[in-house]
Visitor: 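Handing you a structure now.
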Number of protein chains: 2
Amino acid sequence: MTSVEEPARPGGRIRDAVRTQAEILDVATQEFARAGFAGARVDEIAARTRTTKRMIYYYFGGKEQLFTAVLERAYAVIREAEQGLDVEHLDPVAAIRRLAEVTFDHHEQHPDFIRLVSIENIHEAVHIAASEKLGKISSPALDVIRRILEQGQKSGLFTADVDAVDLHAMISAFCFFRVANRHTFGALFGRDLIDPAQREHYRAMLGDMVIAYLTAERAAD
Amino acid sequence: MTSVEEPARPGGRIRDAVRTQAEILDVATQEFARAGFAGARVDEIAARTRTTKRMIYYYFGGKEQLFTAVLERAYAVIREAEQGLDVEHLDPVAAIRRLAEVTFDHHEQHPDFIRLVSIENIHEAVHIAASEKLGKISSPALDVIRRILEQGQKSGLFTADVDAVDLHAMISAFCFFRVANRHTFGALFGRDLIDPAQREHYRAMLGDMVIAYLTAERAAD
DNA sequence: TAGCTAACGTACTAGTTCGTACATTAGTGT
DNA sequence: ACACTAATGTACGAACTAGTACGTTAGCTA
């Protein structure tokens, strides 16, 4: 994240293509996450940067492409978090827990990312489909899961042959829902899933759930 | 759902307040689910009904209140499904499985509901908060979960003292994610979570996950 | 059958919003 | 010092969009 707060140089126009683009992306992320794609206002984004609307079109081409760029950057962040995952030295159970916690922590710390993904789903992922950066590269977490699963299954710790993508979905579902549906869930059931006091409770619950699933005695079928 | 296809009576104007309102709600549900709150067009909704925009304002007051009415009706449907739940005769494990399956089936069969809830979360649940119908009544599923949990814990089948709301969140998370994030997940990982051929697979996975969690040997803490 | 009102239609407007034509300048290479 | 281009700013317009003023009519009731 590039800070928007910097010494404003009055009078003299500063030229910094990289910073200008980063600033637009920062503000656009907030604005899209706040109001959705259609609800976001290009004028509002421009007003909250130190540059003008003209530059948004100059650098990104249009509202649609700007949203795509915002998405690309948001996904880059979580991939980075997953990349930093170092679980080779852990036993499978601990490794899976660690992996789940990384997703848990990332989602909690990046509610804007969650919102952007929700919004992108409303639009049936057309921007991801149109993006060259996204789509191609699959999540680093998947490779990690694959290795841990293999290890766990070989050692007999993990009972069933679970698919890596499915396990990733299971973990993501829990973490995503907690952030994405915070408001409706809170309004309907009077419980704030993001309450800091309950953070460790839900973090443990996720780990317990996944481990229980992986190590349960499976009925022969 | 009221069918929009009916014998159009040319010339003679038909007056039916109930049907007009239902038709507006049907079309509005589709339109809001399609494009989000800001992306939805009141003119488009009007055009796809047999009535006019004037009637939307006549009956609902405005776009915002129309969305609230749409939400209210969508929540009524799932509550009805939960109400029909009859699990008193089942053992706790089967009962929990059945309960999870009802949520699984409902969410799969009502992608528009999922979208509306996602959209409502983007808007921080302001419409639920503003609604008198919603908010007050809590989910019937919760009462069912409470009873099953109590039964399961007394009999020693269920190991830990799990909270009913938390369990509901766990089940909802899985079912909701599968539908809500179908598109981004599919685009990124090349797997369609809604593929009919995989339906039973995921349905079983959900049940296995929840039961494994509930019956796992919990480490003393 | 007269009259009353809920139900409905038409036409319009005020304000918004994405996008662009045109003008300008900072900074770099030579 | 000069010229060239990437980067930037201003001002504007065409299209859209939520909402409404005003007029009409179906159908019930007394």
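Lettering of chains follows the sequences in order, A, B, ..., and the numbering in each one begins at 1.
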Visitor: Would you please name every residue forming a side chain to side chain contact (heavy atoms under 4.5 Å, CB included) with A/Tyr58, sequence neighbours left out?
Guide: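 A/Tyr58 satisfies side chain to side chain contact (heavy atoms under 4.5 Å, CB included) with A/Arg54, A/Met55 only.
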Visitor: Would you mind reading off the distance between B/Arg19 atom CZ and D/dA26 atom P, rounded to a whole angstrom?
Guide: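 Result: 15 Å.
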Visitor: Between the base of D/dG9 and the side chain of A/Arg54, is there a donor-acceptor distance below 3.5 Å?
Guide: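 For A/Arg54, whose side chain was compared with the base of D/dG9, there is a donor-acceptor pair (under 3.5 Å).
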Visitor: Any side-chain N or O of A/Tyr59 less than 4.0 Å from the OP1 or OP2 oxygen of D/dT8?
Guide: yes
Visitor: Taking only the side-chain nitrogens and oxygens of A/Tyr58, find out if one of them lies under 4.0 Å from OP1 or OP2 of D/dG9.
Guide: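 Checking D/dG9 against A/Tyr58, no side-chain N or O comes under 4.0 Å of OP1 or OP2.
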Visitor: Rounded off to whole Å, could you give me the CZ-to-C1' distance for the B/Phe67 and D/dG19 pair?
Guide: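 Taking CZ of B/Phe67 and C1' of D/dG19, I get 19 Å after rounding.
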Visitor: Whole Å only: how far is the CD1 atom of B/Ile24 from the C1' atom of C/dC8?
Guide: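 Answer to the nearest Å: 11 Å.
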Visitor: Could you state the atom-to-atom distance from CZ of B/Arg15 to P of D/dT29 in whole Å?
Guide: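 Rounded to whole Å, this separation is 14 Å.
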Visitor: Tell me the salt bridge (Lys or Arg N to Asp or Glu O under 4.0 Å) pairs involving residues 166-188 of chain A, sequence neighbours left out?
Guide: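 Checked against salt bridge (Lys or Arg N to Asp or Glu O under 4.0 Å) - neighbours excluded - the pairs reaching residues 166-188 of chain A are A/Glu108-A/Arg178, A/Asp166-B/Arg191, A/Arg182-A/Asp192.
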Visitor: Salt bridge (Lys or Arg N to Asp or Glu O under 4.0 Å) with A/Glu31: which of A/Lys63, A/Arg115, A/Arg48?
Guide: A/Arg48
Visitor: Side-chain N or O of B/Thr51 versus OP1/OP2 of C/dA7: is the shortest distance under 4.0 Å?
Guide: no
Visitor: Which heavy atom in B/His127 sits nearest to a heavy atom in B/Phe37, and how many Å separate them?
Guide: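 Heavy atoms of B/His127 and B/Phe37 come nearest at NE2-CE1, 4.5 Å.
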Visitor: With a 3.5 Å distance limit and no angle check, can you tell me whether A/Asn181 reaches the backbone of A/Thr184 through a side-chain donor-acceptor pair?
Guide: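 No.
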Visitor: Just the rounded figure in Å: distance from P of C/dT10 to CE of B/Met55.
Guide: 12 Å
Visitor: Give me, pair by pair, the N or O atoms of the protein and of nucleotides 17-19 of chain C that are less than 3.5 Å apart, along with how far apart they are.
Guide:
unit_1: C/dT17; atom_1: OP1; unit_2: A/Arg41; atom_2: NE; d: 2.7
unit_1: C/dT17; atom_1: OP1; unit_2: A/Arg41; atom_2: NH2; d: 3.3
unit_1: C/dT17; atom_1: O5'; unit_2: A/Arg41; atom_2: NE; d: 3.4
unit_1: C/dC18; atom_1: OP1; unit_2: A/Ala40; atom_2: O; d: 3.1
unit_1: C/dC18; atom_1: OP1; unit_2: A/Lys63; atom_2: NZ; d: 3.3
unit_1: C/dC18; atom_1: OP2; unit_2: A/Val42; atom_2: N; d: 3.2
unit_1: C/dG19; atom_1: OP2; unit_2: A/Tyr57; atom_2: OH; d: 2.9
unit_1: C/dG19; atom_1: OP2; unit_2: A/Lys63; atom_2: N; d: 3.2
unit_1: C/dG19; atom_1: N7; unit_2: A/Lys53; atom_2: NZ; d: 2.8
unit_1: C/dG19; atom_1: O6; unit_2: A/Lys53; atom_2: NZ; d: 2.5

Visitor: What do you reckon, are the aromatic ring centroids of B/Tyr75 and B/Phe113 less than 6.0 Å apart?
Guide: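 Ring-ring flag for B/Tyr75/B/Phe113: true, centres closer than 6.0 Å.
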Visitor: Phosphate oxygens OP1/OP2 of C/dA7: is one of them under 4.0 Å from a side-chain N or O of B/Thr20?
Guide: no
Visitor: Nearest whole Å is fine: how far is C/dC8 C1' from B/Phe60 CZ?
Guide: 15 Å
Visitor: If only atom types and distance count, is the side chain of A/Glu23 paired as donor or acceptor with the main-chain N or O of A/Arg50 below 3.5 Å?
Guide: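 The answer is yes, because a donor-acceptor pair under 3.5 Å joins these two groups.
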